[in-house]
Protein chains: 2
Amino acid sequence: MRPMRHVSYDGTKGCYVEAALDAISDKWKGVILYHLLDGPKRFNQLKRTFPELSQRILTRQLRELEGDGVINRKVYPEIPPKVEYSLTDLGELLKPTLESLEDWGLKCVEVTKRSKIVSEKAVEQ
Amino acid sequence: MRPMRHVSYDGTKGCYVEAALDAISDKWKGVILYHLLDGPKRFNQLKRTFPELSQRILTRQLRELEGDGVINRKVYPEIPPKVEYSLTDLGELLKPTLESLEDWGLKCVEVTKRSKIVSEKAVEQ
DNA sequence: CCGAATCCAAGAGGATACTG
DNA sequence: CAGTATCCTCTTGGATTCGG
């Protein structure tokens, strides 16, 4: 399990920002959550969505999200097995936050791209 | 420099969420940014704010944020040296996002705390 | 005061193979 | 189908020391 970064979140300024990032900022968690906003997804469905993501890591990220109360893991006792992941209430509350991150991420990419073009032009001269 | 996690952010669903998290999700960046919302801060001011944060790491996080166009680094040619960090326009745009993260972080901590109490009560019985 | 340089430990992510 | 189990690499964060 991912270690707690601090003993507790004590109300210090900005510490809840940290708590939030702790829960959602691992390499794949953001995108996983984003995809779950659509509705529940099966394990293999997620796996196919991110071909570069190994099965082991996907499992771990999902378990951590479950441990943080952000997603639910529902096992259907069938053969072959079926496991469905969905957002908890807490997870649903993330929607506006994720959208806000998405908006800003877009701007961020645009700015980076622009400055890259500028520096390339500078090289040309 | 922190490696790009993907070759490019190509508009794939949720990828801008990832771009945003890439830029702000390192261990201390969230809180650093949060503190800069107040206004510019000197290096040592930030250092004192986070006593557990080593100088080396603080420097690196600040440089990465600068590289991503989120903060400005202004050096005053004085003795002793003075360096001030402030948000760029892009950084200022983060404000609602950080507040959203903070809101959700608070809820997250509450939920975790509650479930911890519940499980402790279960142990008592 | 604001770093850079060096060295270190831990862990996160990943490739691959196996299983109920 | 949905995972474990190993093993490996590379990145991160951190302590410490030195420098302009």
Side-chain angles (χ1 to χ4, degrees), chain A residues 1-7 15 17-19 21-33 35-36 40-68 71-86, chain B residues 1-7 15 18 21-33 35-36 40-68 71-86:
Chain A
M1 178 65 73
R2 183 171 31 91
M4 269 283 246
R5 285 171 175 177
H6 296 287
V7 178
C15 88
V17 174
E18 204 178 346
L21 289 174
D22 267 7
I24 69 166
S25 75
D26 271 351
K27 185 161 177 181
W28 297 95
K29 288 183 184 174
V31 251
I32 290 171
L33 290 170
H35 276 259
L36 288 179
K41 297 275 186 303
R42 294 185 58 171
F43 183 85
N44 252 18
Q45 224 174 329
L46 291 170
K47 196 180 144 194
R48 275 191 304 268
T49 308
F50 313 109
E52 331 93 289
L53 170 51
S54 79
Q55 199 159 327
R56 186 177 107 80
I57 303 300
L58 177 56
T59 302
R60 197 170 63 193
Q61 308 264 312
L62 289 169
R63 291 295 160 81
E64 285 180 7
L65 287 169
E66 189 194 3
D68 285 334
I71 65 172
N72 286 124
R73 177 169 179 269
K74 177 161 187 183
V75 183
Y76 294 83
E78 302 174 358
I79 305 288
K82 174 177 170 181
V83 179
E84 222 174 46
Y85 293 92
S86 59
Chain B
M1 175 67 74
R2 184 169 31 93
M4 271 284 249
R5 285 173 175 176
H6 296 289
V7 178
C15 88
E18 203 179 346
L21 289 173
D22 266 6
I24 69 166
S25 75
D26 270 351
K27 185 162 178 184
W28 296 95
K29 288 182 182 172
V31 252
I32 291 172
L33 290 170
H35 276 260
L36 289 179
K41 296 276 186 303
R42 293 186 57 172
F43 183 84
N44 252 18
Q45 225 175 329
L46 291 169
K47 197 180 146 193
R48 277 191 303 270
T49 308
F50 313 109
E52 331 92 289
L53 171 51
S54 79
Q55 198 160 328
R56 179 183 177 284
I57 303 300
L58 176 56
T59 302
R60 197 170 64 194
Q61 308 263 309
L62 289 169
R63 292 295 161 83
E64 285 180 6
L65 286 170
E66 189 193 4
D68 285 335
I71 66 173
N72 286 125
R73 176 169 180 269
K74 178 162 186 182
V75 182
Y76 294 84
E78 302 172 0
I79 305 287
K82 172 178 172 183
V83 179
E84 220 175 48
Y85 293 93
S86 59

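Chain naming here is simple, since letters A, B, ... match the order of the sequence lines and numbering starts at 1 in each.
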Quick one: are L58(A) and I32(A) in side-chain contact, heavy atoms under 4.5 Å? yes

Could you tell me how the ring of F50(A) sits relative to the ring of H35(A): parallel (under 30°), tilted (30 to 60°) or perpendicular (over 60°)? perpendicular

Roughly, in whole Å, what's the span from CG in L21(A) to C1' in dT12(D)? 16 Å

Are L36(B) and L65(B) side-chain neighbours, meaning at least one heavy-atom pair lies under 4.5 Å? no

Do N44(A) and K47(A) make a side-chain contact, defined as non-hydrogen atoms from C-beta onward lying under 4.5 Å apart? yes

Could I get the full list of side-chain contact (heavy atoms from CB on, under 4.5 Å) partners for E66(B), not counting sequence neighbours? R63(B), I71(B), R73(B)

For R73(B) and dC1(C), give me the distance from atom CZ to atom P, rounded to whole Å. 16 Å

Does Y76(B) reach a base, just sugar-phosphate, or nothing at all? Heavy atoms under 4.0 Å. nothing

Rounding to an integer number of Å, can you tell me how far F50(B) CZ sits from dC2(C) P? 15 Å

L62(A) atom CG is separated from dT4(D) atom C1', nearest whole Å, by 15 Å

When the distance from CD of E66(A) to P of dA2(D) is rounded to whole Å, what number comes out? 15 Å

Spell out protein contact along nucleotides 13-20 of chain C as letters: B when the base is contacted, S when just the sugar-phosphate is, - when no protein heavy atom is under 4.0 Å; keep the 5' to 3' order. BBB----B

E84(A) atom CD is separated from dA2(D) atom P, nearest whole Å, by 10 Å

Rounded interatomic separation in angstrom, taking CD1 from I79(A) and C1' from dA2(D): 11 Å

Write down the distance between CZ (R48(A)) and C1' (dA2(D)), rounded to a whole number of angstrom. 12 Å

For the residue pair F43(A) and Y85(A), categorise the inter-ring angle as parallel (less than 30°), tilted (30 to 60°) or perpendicular (more than 60°). tilted

Which nucleotide in the set dT4(D), dC2(C), dC1(D) lies at the smallest distance from any side-chain heavy atom of N44(B)? dC2(C)

Per nearest nucleotide of DNA chain C, the residue lying toward the 5' end, T59(B) or R42(B), is R42(B)

For the residue pair E52(A) and W28(A), establish whether any side-chain heavy-atom pair is separated by less than 4.5 Å. yes

